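Everything numeric in this text was worked out from a predicted model, so none of it was measured.
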Amino acid sequence: MDEDKDLLNKEKKRHPYEKASILSKTFFCWLLPDFVKGYKRQLTEDDLYGALKTHESKLLGDKLQYAWENQINNKKKASLLAAICKVFYLELVLYGILFLIQEFVVKLSQPLLISKFLRCLESTENNAFQSEMYIYGALIVLFSLINVMCIHIYYFVVMHLGMKIRIAVCSLIYRKALKLERSALEKTTVGQMVNLLSNDVGKFDFAVTYIYNFWVTPIETGVIMYFLYQYVGPTGLVGVCFLILFMFPQMFMGKKISQYRSRIAKCTDERVHLMGEILNGIQVIKMYNWEKSFAKLVVLSRKMEMKQIWAASIIRAIMNTCITVLHRTAIYLCVLTYILTGNIINATYVYTISSFYGILRQILTLYIPRAVSQFAETKTSLNRIQHFLSHQEIALNKNANIELNRKLTEDFKSKDFDEGTVHLENVSVKPQDTAPEYLLKNITFDVIPGQLVAIVGKVGSGKTTLLHTILREFVPVEGSVHVSGSISYASQEPWLFEGTIRQNIIFGENFNIEKYNEVVKACDLEKDFSSFPYKDQSLVGALSGGQRARVNLARALYKNAEVYLLDDPLSSVDARVGKHLFNECICGYLKGKCVVLVTNQLQYLKNVHNIYLIQNGKIQGTGAYDELKQVSLEFSELLMEHKDEEKQANESVVIEREIKSNYNKSGEKQTEEKEQRSSGKISKSVYTNYLRAGGSCCSAILVLTLFFVAQVLASVADYFIILWTNLEQWRCRNGIRGNCTEMRQWNAEGNVTRVNLLNDTISANDQKPLLAHLHLIMTDDVSLIVYTIIVTLFVILSLTRSIYFFKYCLKASTKLHNIMFDKISKAPMIFFNTNPSGRILNRFSKDIGIIDEILPMTISDTLQIALILLSVSVVVGCLYISILIPTAIIVLIFYYIRMVFLATSRDLKRIEAATRSPIYTHLRSSVQGLPTIRAFQAQDVVQREFDNYQDQYTAASFMFLGANRTFGFWLDFHCVVYTALCNRLDILVCLVFYASGIVMYYTLILFLEMFGGDVGFALTEAVGLTGMFQFGIRQWSEMENQMTSVERIDEYIEVASEEDENTRDTLKIGQRKGILNLIMSALDIPVGIHTTTGAGKSSIVAALFRLVNTDGKIVIDNIDVKQLGLSTLRSKISVIPQEPVLFSTTIRKNLDPFDEFSDDVLWNALENVNLKSAIGDLSNGLYTKLTEGGSNLSVGQRQLLCLARAIVRNNKILVLDEATANVDPYTDELIQMTIREKFADCTVLTIAHRLYTIMDSDRVLVMDGGRAVEYDHPYKLLLNKDGIFYGLVSQTGVATTDFLQNKAKQYYDKYNCD
């Protein structure tokens, strides 16, 4: 299918991860060369490595599909979660062990070592304590390094695992989409599938990260409680109890988020589905001037979605506040209890519990709530995906012989069918098994090898349903279906996937040049290919309706099959091409094959072996042409507008062009225009636009102020506890506090011991003169009150800050979405022709999802951590001014590392976003072409293509994941390892490392001059900042990466709008070759346009509605249309497009989307198009809901519904672009009579291939190659025997030519047109 795609199938370099050594993987060195490359130049998709073998979509999809099928077959209630665990259980266990080691061995060692270190510091009478300090200091640094290595390896492997789960689930969703039964397709939409692939599966990326916390946290909490009791006594447990109690409301909030996540997903489904339909019908929306009206629908849909997101964001704001304030509140409660129980506060107590509560803060207020929230959201997504996977599947059988049986008779079982036989016996079909109405009733249908059988009938009679029953798209509720041999199928609505013409014709088959040329010639595509610059290697996007129909037919012919099902392939082509297709394709190339032809072109029925007449789902008659004509009134009625044809004596007169070549021998092909993406740094305008979208300048300043003031209060609380502990130590040293020369401490055995805290060698007045003054003010009661006020204010302000911040971000998201849609709706049609729908939907689904829910959290983390780092640096700098020097050094180092990282990660993020779009486009295209794909048994072909697209996305995604982890590791590594310390070797004989190492150095060399509060704060913050430094820098970088989503939306906001004013003098249609000068000088003149397929008829419609930029003049009532506003012009013209566009809402809403007319007006319009009885028979009448694209109506009924919509508008100009191409001649004649009656005082511009529909026109415009070659009354044109129009008419046969000439003369004489 896509074997030529260089991007997907080119040879990839060997992935550096595959050839990396264990040491390289441990220290994340394998991606460093790509950082250098990304820093020197912009990375492109060509720089990507191929997906790793273990990442391949096919491999992972096969594994998960096998496990899921086992669940379905062996379990009463299948579980997708169980299937995922079955596939990935080994990795889940191994990573759980790694997490266990990191949490219980590495992480818990640090607070224990800090506690030992502080005890040695406060007890300095014995030199033995000094040597222990050096040991504990070295161990703190060593375990910091080990912790960095473990934590980054852990996060890399679990996120790697999450990515693999996402790949497998995406593959499973796509495979399921290929198997969906028709009734299931009515219950789901492409928008929902896109949402599953864009947002729901994204939950797996992070779900595994927190999964182990559910069982590790309780154990780890118990261990910490034990150590707290051993080291600081029972008062240290008060805060733990508080945190545990607060877990329950956090878990409740996590559950609520899950509920809101489910509601958000449903709202997003609706919005994305609405967007998909708008993109699908954007041309009709523009021609009907419905942009503003549909914008209201989108805004309303978005408003409903944002209502749920806002509710979820309030909860997230509260949970985010809990992460910030709960551990401080817990420490406050411990200090309060400790003081009230008669103890004197000291540094050992405060900073021992601080270091332990630092861990508890992560596991109880950060990891567990996030785990609950993530698990709840993932569970919601799992349920949604599992619900989708549980939809009814079509009965697929890859064998050539297909047999679907319901109540199979013994006679039928004993029959022996030849290859190429189709047999239906007493078949009845319902849309659903439980539905009361029948689509087909008691159908008996036979076709033998070598036979050409036609199926005819009026609109909505069940012709296409019969073919779909043969194709197994419908399973009969009664009767039996047997098809012997393979099937090829040409659908009524041409289905072409994104790619070249050749790729669409070959469709996974082997390329045989001789066979290919035969098919191209039979389908009359030679002349078309010669006019394309890339011939058959041109993309299908620019093909006309008739060209698309012939490519669709060519695909059916190219496949070797025994049975060919052709669903009305002649309706979209002109008479000459239609005759060629019937003679050369159907009767020539397919001679000797079993061919079933559905057609409304009844002039060809004399040449078929057998005809089946279907009416209301039942066969009303069968037989040869003459037989049916004699015995069937319905058939005679259907033929009323057709006369018997005789074989033409002479060859038709048609202007033919020289055929140069029908295929591109050079192999050069037209490639799809790549998605444009920005380069370099994120522009300042992107940030500015985001801030402006959130509110005024004052709002942005207020947000920043709230963040700043909240952090100031946090820093004040930290500094106050330092002063308090130092003050108590000063009092004890100076004998002011009675009986404090020996302070009670809890030893490792849990017994109370006495530790001497005095150091007579220190002069308080020399070191802390401030303490002497505070001693008189800060009593225990005052200190507690002040501390309580600070903590309370911090809690209140933090909550206020979080809520207001999320409100600001959601306002920005809403505004950006609405502005983007407004700009997109005003974009010219060339924008939609060059940008696949999946590319646009990517912005409205994934990018908007990131801005809605992920970006606010990242910005919040970035701001908070930046302020924390700043405040800690200031506080520690106040304690030891000299430490600011290495702080400045590390900031510079981090800044330059970030520069190198961002240069690479930005490009990778942009590439990742761009490689997502083809996945959505391919999914949408596949669902639209399901009958064709399944008829060709090409599921493996399109599935392989999906896997290729997903592998391309995975390659970018894995590189981005590796870049993130590499960046984080090296930041942390620089935090821990700085340089070997050479000076003061007599005091320090071990390495002292940066961040924690520098603080340890200052602690050890200055310990004789320090208070315990200073040391405790510096040490605990340094250890905590080891991870926070890198996380803050990484979140800062991640924020910029996620701002690429805002950048991508800004790109569409900057899309140029349609030109509303232009003063050029000539008319030149840029999309087609050639020049057409058209002047419509007066109203009340019906004009017919007819010529060969692809000559540019529909381009006139595009020019009339100003959908394309043109040169020249189109004049209506002496007014150049360029002088009219687009809204004014389009609102005054009604149109029925070549491809009927309906929306998945009620029939009433499709006729009158904005409730401007009464039901009576709508019923009258339906009666005028002969649909009143069909709609009236439906259970809900006008309020019957249509499925996506109106697929529960026949194509003919859809066209008639679009015609009724135009009648309702009742404009003075009506454009019919092949409006009745898919209806039978009898219905067509009734509609033409209605048009002549209802639009008698209007200008009617009719574009048609059926010549008899334009013979009553006042003028006929004949086009060839994009040029107007003839223009006059049809009767006058027929007088010119050498003219193109006469040649087209003569193609229909002698009898029909005479009939058409007489009809044209009759109307000419009647209206005396001269």
Practice item. Could you go through the side-chain contact (heavy atoms from CB on, under 4.5 Å) check for L605 and V456 one step at a time? Key: CA-CA 9 Å; L605 294 183; V456 297; 3.9 Å; yes
Review point. Does the pair V540 and T500 meet the rule for a side-chain contact (heavy atoms from CB on, under 4.5 Å), with working shown?
Key: CA-CA 6 Å; V540 298; T500 65; over 6 Å; no
Practice item. Take F582 and T599, measure what side-chain contact (heavy atoms from CB on, under 4.5 Å) needs, and give me the verdict at the end. Key: CA-CA 11 Å; F582 186 79; T599 185; over 6 Å; no
Check your understanding: Could you go step by step and tell me if Y489 and Y564 meet the ring pair (Phe, Tyr, Trp, His ring centres under 6.0 Å) rule?
Key -> CA-CA 6 Å; Y489 170 64; Y564 289 83; over 10 Å; no
Exercise for review: Mind running side-chain contact (heavy atoms from CB on, under 4.5 Å) on N552 and S491 for me, showing each step along the way?
Suggested key: CA-CA 8 Å; N552 188 57; S491 57; 3.6 Å; yes
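A heavy-atom distance below 4.5 Å is found between the side chains of P569 and L597. Within the 4.5 Å cutoff, the side chain of V453 has no heavy atoms near those of the V422 side chain. Counting heavy atoms from C-beta on, the side chains of V427 and E478 never come closer than 4.5 Å. For the pair P476 and V481, the minimum side-chain heavy-atom distance is below 4.5 Å. Between L565 and L471 the shortest side-chain heavy-atom distance falls below 4.5 Å. Contact of the V598 side chain with the L467 side chain is registered, since non-hydrogen atoms from C-beta on lie closer than 4.5 Å. Side-chain atoms of L525 and V551, non-hydrogen and from C-beta on, do get closer than 4.5 Å to each other. T464 places a side-chain heavy atom less than 4.5 Å from the side chain of H468.
Here CZ of F474 is found 13.5 Å from OG of S428. Values are rounded to the nearest 0.5 Å. For the atom pair CD1 of I614 and CG of L466, the computed distance is 4.5 Å after rounding to the nearest 0.5 Å. Taking CG from L613 and CD1 from I611, the interatomic distance works out to 9.0 Å, rounded to the nearest 0.5 Å. Rounding to the nearest 0.5 angstrom, the gap separating the CG atom in D568 from the NZ atom in K463 is 7.5 Å. The structure places CG of L389 at 9.5 Å from CG of L180, a figure rounded to the nearest 0.5 Å. One finds the OG atom of S57 at 9.0 Å from the CG atom of N948 (value rounded to the nearest 0.5 Å).
Shortest non-hydrogen contact noted between A522 and C585 is O-SG, 3.0 Å. The two residues L60 and A168 make their nearest non-hydrogen contact at O-CB, 3.7 Å. Residues P449 and T421 share a closest heavy-atom pair of CD-OG1, 3.5 Å. Closest non-hydrogen pair, S488 versus A556, comes out as OG-O, 2.6 Å. For the pair F946 and S171, the tightest heavy-atom approach, listed with the atom from each and the gap, is CE2-CA, 4.0 Å. Taking all atoms of both residues into account, the shortest heavy-atom contact from Y604 to K579 is OH-N, 3.1 Å.
Of the possible polar contacts, none joining the W495 side chain to the S926 backbone as a donor-acceptor pair under 3.5 Å is found. K559 contributes a side-chain N or O that, together with a main-chain N or O of I487, makes up a donor-acceptor pair within less than 3.5 Å. No donor-acceptor distance shorter than 3.5 angstrom exists from the side chain of S925 to the backbone of T921, with no hydrogens or angles considered. Judged by distance alone, the side chain of Q937 and the main-chain N or O of R934 form no donor-acceptor pair under 3.5 Å. Remark: side-chain polar atoms of N504 are paired, donor with acceptor, to backbone N or O of F497 under 3.5 angstrom. Judged by distance alone, the side chain of E562 and the main-chain N or O of S486 form a donor-acceptor pair under 3.5 Å. Looking only at distances, no side-chain donor or acceptor of R502 sits under 3.5 Å from a matching main-chain atom of Y516. Although no hydrogens or angles enter the test, the distance criterion places no donor-acceptor pair under 3.5 Å between the side chain of T188 and the main chain of L185. With hydrogens and angles ignored, the 3.5 Å screen pairs no side-chain donor or acceptor of E584 with any backbone N or O of L581. Although no hydrogens or angles enter the test, the distance criterion places no donor-acceptor pair under 3.5 Å between the side chain of H423 and the main chain of S484.
Partners of R175 under the salt bridge (charged side-chain N to carboxylate O under 4.0 Å, His left out) rule, at least two apart in sequence or in another chain, are D62.
Classification of K58 and D951 as a salt-bridged pair fails, no side-chain N sitting under 4.0 Å from a carboxylate O. A salt bridge is defined here as a Lys NZ or Arg NE, NH1 or NH2 lying under 4.0 Å from an Asp or Glu carboxylate O, and R1198 with E493 meets this definition.
A cation-pi contact, defined as under 6.0 Å to the ring centre and within 45° of the axis, is absent between K176 and F388.
Remark: the T915 side chain and the Q952 side chain contain no N/O donor-acceptor pair separated by less than 3.5 Å.
The ring of F507 has its center no closer than 6.0 angstrom to the ring center of Y558.
The aromatic rings of Y612 and F445 lie tilted to each other, with the angle between the two planes from 30° to 60°.
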